[in-house]
Amino acid sequence: MSYFANIPEIKYEGPESKNPFAFKYYDPERIVCGKPLKEQLPFAMAWWHNLGAAGTDMFGRDTADKSFGCEKGTMEHAKAKVDAGFEFMKKLGIRYFCFHDVDLVPEADDIKETNRRLDELSDYILEKMKGTDIKCLWGTANMFSNPRFMNGAGSSNSADVFCFAAAQVKKALDITVKLGGRGYVFWGGREGYETLLNTDVKFEQENIAKLMHLAVDYGRSIGFTGDFYIEPKPKEPMKHQYDFDAATAIGFLRQYGLDKDFKMNIEANHATLAGHTFQHDLRISAINGMLGSIDANQGDMLLGWDTDEFPFNVYDATMCMYEVLKAGGLTGGFNFDSKTRRPSYTFEDMFHAYILGMDTFALGMIKAGELIEDGRIDKFVEDRYASYKTGIGAKIRAGEVTLKELAAYADEMGAPALPGSGRQEYLESVVNNVLFH
């Protein structure tokens with residue numbers, strides 16, 4: 001059965017094309033910084049948004065029909081989503097998907113039944129994968145939707161809930177390994193607090209770390225060789241979440257000895273909710289050797305919540321791809337944790353959205369490659385720190401001076417000249433010159 005029979009296979013036609021079902025910038029074979037775009041941009045479909053999100057918000061019910069001809073909440077519906085998802089990915093040339101456990105199957109009252117359903121459906125997915133180049137990018141467990149997780153999973157005040165969370169992580173890891181996943185994600189959706197009046201922060205963070213250590217030990221024992229990821233987010237649904245941003249999450253990993261197994265899965269919209277730019281959290285992850293994977297979306301700066309919009313801002317995408325290319329690429333990929341807007345409710349809109357996102361990131365990577373090749377920004381940054389290449393600056397970098405010696409140097413100098421101009425406006429004009437050339 002075809003769910004998208006009226007939609008053609010999406011091909012690259014170039015920027016002059018007006019065909020709504022064609023890529024304008026994503027040419028999989030185009031070489032950027034030594035690699036084709038299909039390797040630089042390992043795109044992934046988000047199972048939950050693309051096959052599940054139907055336009056519901058806090059003010060209204062579904063606008064889109066994601067039943068795929070079946071009754072929702074049944075295994076028939078779960079298998080229909082697999083069929084639709086693989087047809088969708090094939091038509092777009094997407095080679096990866098990401099999932100939560102309960103995206104794949106309806107959760108039963110008994111975890112043993114849920115696990116049986118996961119075994120059945122993952123067998124079905126494996127069959128669909130045969131003869132394709134479609135793979136699993138990463139898996140995760142949904143430990144935030146069910147009421148049992150109202151106080152978190154690893155951070156829960158209930159030892160029984162902690163055990164249930166551990167069981168979900170175990171099974172999600174089993175399925176991730178079974179499907180050949182390259183990574184496994186922890187998004188601590190409710191790992192945080194609403195008020196400090198009833199919260200032992202140290203206790204909760206220690207327990208989150210215990211759950212992660214248990215996951216690493218089990219994952220390695222069953223042959224999982226990929227990266228574990230933390231996906232930072234400052235708030236929503238909790239008022240304060242422990243994985244506030246990249247720097248906070250990296251500090252947590254190092255404090256609890258998890259930094260050898262974990263990297264960051266950075267989401268654009270989460271970074272902006274933390275008061276950062278997307279590229280800030282990418283840079284912080286990269287300089288710490290922890291840039292792993294990306295959830296590709298954007299937020300609306302006029303709204304104070306996580307809108308998960310498909311990326312269309314080419315300037316931001318260019319700055320994102322600049323960070324990725326300078327870091328040498330990702331060990332993970334680019335997962336479209338994005339959903340169509342509530343009034344965009346047709347299957348055609350799903351394809352338009354992915355074409356938009358893939359074209360935006362492709363154009364961003366092309367332009368980021370041109371920025372690097374142009375060299376003006378790199379040269380300016382290098383020259384800006386030139387005073388540390390010789391003399392007293394070189395001794396500071398080499399650790400060859402004491403505080404007393406530096407004070408004596410300053411006494412002789414009297415007062416330093418102003419540092420060289422930061423030339424921010426000039427550098428921004430360089431970016432515009434490359435973007436619109």
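Computed from a predicted model, the values in this text were never measured in an experiment.
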Which atom pairs, donor and acceptor, lie under 3.5 Å between side-chain atoms of residues 252-260 and protein residues at least two apart or in another chain?
residue	atom	partner	partner atom	Å
R254	NH1	N288	OD1	2.9
R254	NH2	N288	OD1	3.1

Please enumerate all residues that pass salt bridge (Lys or Arg N to Asp or Glu O under 4.0 Å) together with [X], with sequence neighbours excluded.
| X | answer |
| --- | --- |
| E348 | none |
| E71 | none |
| K239 | none |
| R117 | E113 |

- [ ] Would you mind listing every salt bridge (Lys or Arg N to Asp or Glu O under 4.0 Å) that reaches into residues 280-293, with sequence neighbours excluded?
- [x]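 Matches after skipping sequence neighbours: R283-E323.
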Task: Qualifying salt bridge (Lys or Arg N to Asp or Glu O under 4.0 Å) pairs with a residue from residues 180-203, counting only residues at least two apart or across chains - done: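 Sorted result for residues 180-203: K202-E206.
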- [ ] Evaluate ring pair (Phe, Tyr, Trp, His ring centres under 6.0 Å) for F149 paired with F144, printing each intermediate quantity in order.
- [x] CA-CA 5 Å; F149 296 123; F144 50 88; 8.5 Å; no
[X] side chain to [Y] backbone, donor-acceptor under 3.5 Å:
| X | Y | result |
| --- | --- | --- |
| T360 | L356 | yes |
| N297 | D337 | yes |
| H213 | I208 | no |
| T132 | M129 | yes |
| K24 | A22 | yes |

Task: CA sep, side-chain torsions, deciding dist, call: D174, Y218, side-chain hydrogen bond (donor to acceptor under 3.5 Å, both in side chains) - done: CA-CA 9 Å; D174 289 338; Y218 179 73; 2.6 Å; yes
Task: D245 vs T248, side-chain hydrogen bond (donor to acceptor under 3.5 Å, both in side chains): CA-CA, chis, key distance, verdict - done: CA-CA 5 Å; D245 60 5; T248 304; 2.6 Å; yes
Using a distance-only test with no angle check, is there a side-chain donor-acceptor pair under 3.5 angstrom linking [X] and [Y]?
| X | Y | value |
| --- | --- | --- |
| D227 | T331 | yes |
| Q168 | D101 | yes |
| D65 | S67 | yes |
| S2 | E87 | yes |
| D119 | Y124 | no |

Inter-residue atom distance [X].[atom1] - [Y].[atom2], 0.5 Å rounding:
| X | Y | atom1 | atom2 | result |
| --- | --- | --- | --- | --- |
| L330 | S293 | CG | OG | 6.0 Å |
| C320 | L325 | SG | CG | 9.0 Å |
| T346 | D349 | OG1 | CG | 3.5 Å |
| D57 | R61 | CG | CZ | 12.0 Å |
| L92 | N50 | CG | CG | 8.5 Å |
| D295 | E231 | CG | CD | 4.5 Å |

Taking side-chain hydrogen bond (donor to acceptor under 3.5 Å, both in side chains) as the test, write out the residues that go with [X], two or more places apart.
| X | result |
| --- | --- |
| D123 | K178 |
| N142 | S145 |
| E373 | none |
| Y12 | none |

Open item on the list: Under the criterion ring pair (Phe, Tyr, Trp, His ring centres under 6.0 Å), I'd like the reasoning laid out for F4 against F351: C-alpha separation, chi angles, the key distance, then a yes or no.
Closed with: CA-CA 10 Å; F4 314 114; F351 281 86; 5.2 Å; yes
Open item on the list: Between K79 and E120, does any side-chain N to carboxylate O distance fall below 4.0 Å?
Closed with: yes
- [ ] Please step through side-chain hydrogen bond (donor to acceptor under 3.5 Å, both in side chains) for the pair N269 and Q298, ending with a clear verdict.
- [x] CA-CA 5 Å; N269 205 170; Q298 68 180 54; over 6 Å; no
Task: Neighbour count above 12 (heavy atom, 6.0 Å) for R116 CZ - done: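 Correct, the count exceeds 12.
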Open item on the list: Tell me whether R30 at atom CZ has more than 12 heavy atoms from other residues, nucleotides or ligands lying less than 6.0 Å away.
Closed with: no
TODO: For Y354 and F310, run ring pair (Phe, Tyr, Trp, His ring centres under 6.0 Å): C-alpha distance rounded to whole Å, both residues' side-chain angles, the deciding distance at 0.1 Å, then the answer.
DONE: CA-CA 8 Å; Y354 270 78; F310 276 88; 5.2 Å; yes
Open item on the list: Per the ring-ring contact (aromatic ring centres under 6.0 Å, His included) rule, what does the pair list look like for residues 42-61, sequence neighbours excluded?
Closed with: Y26-F43, F43-F336, W47-F97, W48-H100, W48-W138
- [ ] Indicate, with yes or no, if the rings of F361 and F334 have centres closer together than 6.0 Å.
- [x] yes
Task: Check against side-chain hydrogen bond (donor to acceptor under 3.5 Å, both in side chains), E204 and T199 - done: CA-CA 8 Å; E204 292 191 359; T199 303; 4.7 Å; no
